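Below: the structure, in C-alpha cells.
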Amino acid sequence: MSTPIVAIVGRPNVGKSTLFNKLIGERLSIVDDTPGVTRDRIYGECEWNNRKIRIIDTGGIEPYSDDVILKQMRRQAELAIDTADVTVLVTDVCDGVVATDEEVAQMLQKSGKPVVLCVNKCDQIGEPPAQFYEFYNLGLGEPIQVSSVHGTGTGDLLEEVCKFLPPEDETELDEDVISVAVIGKPNVGKSSLINYITGENRCIVSDIAGTTRDSIDTIVENEYGKFNFIDTAGMRRKARVYDNIEKYSIIRARMAIDRCDVCVIMIDAEVGYTEQDSKVAGMALEAGKGCIIAVNKWDAIDKDTHTMGDFRKTLDREFAFMSYTPYIFISAKTGQRVNNLFELITTVANNNAMRIRTGMLNDLLNVATTRVQPPTDKGKRLKIYYCTQASTKPPTFVFFCNNKELFHFSYQRYLENRIRESFGLEGTPIRIIVRERGEKY
C-alpha cells in the first residue's frame, strides 16, 4: 500500500517550513525570516491515527513573478501539487488575505485536488483574531487555525487532511508478500519483465524511452511464493530530465524503492554497463534494500564461451561498492531464466530481514579477533567487548569497543566479511555502528 502524499504550499514566508518541521517532528527544512529560503521540494513523514503520511514542503509561490528562481520555485510547487493526494494552503493571519493568497487559492481549485486551508501564526490561545474570518472569502471551506511555532492546531489540521486521503487499501499486502521494485534506466525492459511474469499486458511496452510514467503494482502468486512487483519509470541523469511529468515519475520511482523489500536493478545487455546504472544502484544501497542485478536482453547477444564471464568481470569491477549483489542474465522477451529470478528474490528478501542471535555473533567475534588481531595506534590496542544486532532491513550490527577512533574502516570491512562468510547475507547491505561502552545505540 502506497503512503498518501500531502503538499504544503503558499506564498513565501507564511511559515510553511516551520509547519512542516512541526508535523514531521524534526528540523529537516531550513527556517528563516527571509522569504524564499526553501526552493526545492523537501520530503518527510508523519503519522496520525496509525496512518503514515508523506509530507512535501515547497518553496513559496509567486504566481506572476518573472524572477528566474521564483519561477523555478513555482514549478516545483506545481509539481508537488500534481504529486499530492491533498494540498494544505498555508496563509498568515497577521497579514490577512492578500492578493497572492487569492491567486494561489484559484490555482489550487483548478487542480481539482482536495485543499485544506491552514491559517498560520494564530499564536494567542482562545478566540482567533478578527482577521481570521476573512479567510472564508477564499472559498476553500472551513479554515483551520494553527500556530506552527507552538504546535497548537496541528492535530485539527491533520484530522481535516485525513478526511480527504484515499481510503486505506483493504487488500493491504500480507506480511509474507515480498515487494519487488524493478528499477533501472529508461528502455531496459522493466515493463516487459512484468508483462512476462504476469502473462498479460499489464504495462505499456514501447521502444520509446519514458513510456512508463507512474509506479504500477502487480501481485503475483506462484510456486515460489507471493510477490508484489512494482514497475517504475526509468531514471535518467538529472541533466537529461526536462519534463515536469518525468520529474514526477522519478519521484514515484524513488518512493517505490522506499517501500519495497528487494530492488531488481535491470541493465541492458546490448548497451552494456553505464555510469547511470551505478547511480540507480546507489539509490537502492542508500535505502538499505536487498538488491539483484538482472542483465536483460541476453537473448539478443552474440555469445561464445567467454561472453558471460567477461560481462561478470565488468560488473564485478563497476559494482565493487556492492560486491555482495548477485547477478542473473535473463530475457524478459523469451522468459530465459526468469523463473530463477523468483528464487533469488526470495533468498535476498530473507537475508535482508535476517536476525542473528547475539550469542552466535559474539562466538564469531571471538574467532575473528583471534585470527586477525584488532589494530593498534601509539601502543593502544582496539578492544571489542561485544556485538549485537540492532535491526533488520538491512541487518545492522552494533560493536561496543574501548575507543571508536581505533576501529579502523579496514577492520570493520574484515568483520563484515566474516559475518557474510558465516551467515550468507547474499544480496543485502550490512550496516555497522561503532559505539564506546556506555553509549546508547
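In this text, all values refer to a predicted model and were calculated from it rather than measured experimentally. Just so you know, these numbers use all the heavy atoms, side chains as well, and skip hydrogens, waters and symmetry mates.
Residues V90 and V14 approach most closely at O-CG2, 3.4 Å, considering heavy atoms. Counting all heavy atoms, side chain and backbone alike, G189 lies closest to N296 at CA-ND2, 3.6 Å. Summarising the geometry of K190 relative to K185, their closest heavy-atom pair is NZ-O, 2.7 Å, with the distance given to 0.1 Å. Residues K393 and A353 approach most closely at CE-CB, 3.8 Å, considering heavy atoms. Residues A281 and F321 approach most closely at CB-CZ, 4.2 Å, considering heavy atoms. Considering every non-hydrogen atom in both T428 and R420, the closest pair reads O-NH2, 2.8 Å.
Looking at heavy atoms from C-beta onward, F397 lies out of side-chain contact with L415 at the 4.5 angstrom threshold. For the pair V119/P128, no side-chain contact is recorded, criterion being any heavy-atom separation below 4.5 Å from C-beta on. Residues K289 and I257 meet the side-chain proximity criterion, which asks for heavy atoms closer than 4.5 Å. Looking at E159 and W48, their side chains come closer than 4.5 Å, going by heavy atoms from C-beta outward. Between V295 and L315, some side-chain heavy-atom pair lies under the 4.5 Å cut-off. Within the 4.5 Å cutoff, side-chain heavy atoms of R54 are placed close to those of D258. In this structure, L406 and P374 have side chains that are not in contact, with every pair of non-hydrogen atoms separated by 4.5 Å or more. A 4.5 Å side-chain heavy-atom check between Y136 and L117 finds every atom pair outside the cut-off.
Atom CD of E102 has more than 12 heavy atoms from other residues, nucleotides or ligands within 6.0 Å. Enclosure of atom CZ in R357 is not indicated, since only 12 or fewer non-hydrogen atoms of other residues, nucleotides or ligands lie within 6.0 angstrom. In the displayed structure, Q131 atom CD is contacted under 6.0 Å by more than 12 heavy atoms of other residues, nucleotides or ligands.
Summarising the geometry, atom OG1 belonging to T346 is positioned 13.0 Å from atom NZ belonging to K226; distances are rounded to the nearest 0.5 Å. Separation of atoms CG (N366) and CG (N362) is listed at 6.5 Å; rounding is to 0.5 Å. Between the SG atom in C94 and the CG atom in D123 there is a gap of 7.0 Å [rounded to 0.5 Å]. The structure places CG of D92 at 5.5 Å from CZ of R11, a figure rounded to the nearest 0.5 Å. Separating the CG atom in N49 from the CZ atom in R51 is a distance of 10.5 Å, to the nearest 0.5 Å. Rounding to the nearest 0.5 Å places SG of C122 at 10.5 Å from CD1 of I144.
Under the 30°/60° scheme for interplanar angles, the aromatic rings of F319 and Y273 are found to stand perpendicular. Using cut-offs of 30° and 60° on the angle between ring planes, the pair F227 and F342 is tilted.
A side-chain donor from one of N120 and S148 sits under 3.5 Å from a side-chain acceptor of the other. In summary, the side chains of T347 and N350 do not present any donor paired with an acceptor at a separation below 3.5 Å, with no hydrogens or angles considered.
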Practice item. Report the C-alpha distance between D277 and I265 in whole Å, list the side-chain angles of each, state the deciding distance to 0.1 Å, and finish with yes or no for side-chain contact (heavy atoms from CB on, under 4.5 Å). Key: CA-CA 8 Å; D277 292 320; I265 303 157; 5.7 Å; no
Exercise for review: Report the C-alpha distance between N195 and S192 in whole Å, list the side-chain angles of each, state the deciding distance to 0.1 Å, and finish with yes or no for side-chain hydrogen bond (donor to acceptor under 3.5 Å, both in side chains).
Suggested key: CA-CA 5 Å; N195 287 344; S192 298; 5.7 Å; no
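Among the candidates V6, D156, D85, the single residue satisfying the side-chain contact (heavy atoms from CB on, under 4.5 Å) test with V161 is V6.
A donor-acceptor pair under 3.5 Å is absent between the side-chain atoms of S179 and the main chain of V177, judged by distance alone.
Taking a cutoff of 4.0 Å between a charged side-chain nitrogen and a carboxylate oxygen, K16 and D57 do not qualify as a salt bridge.
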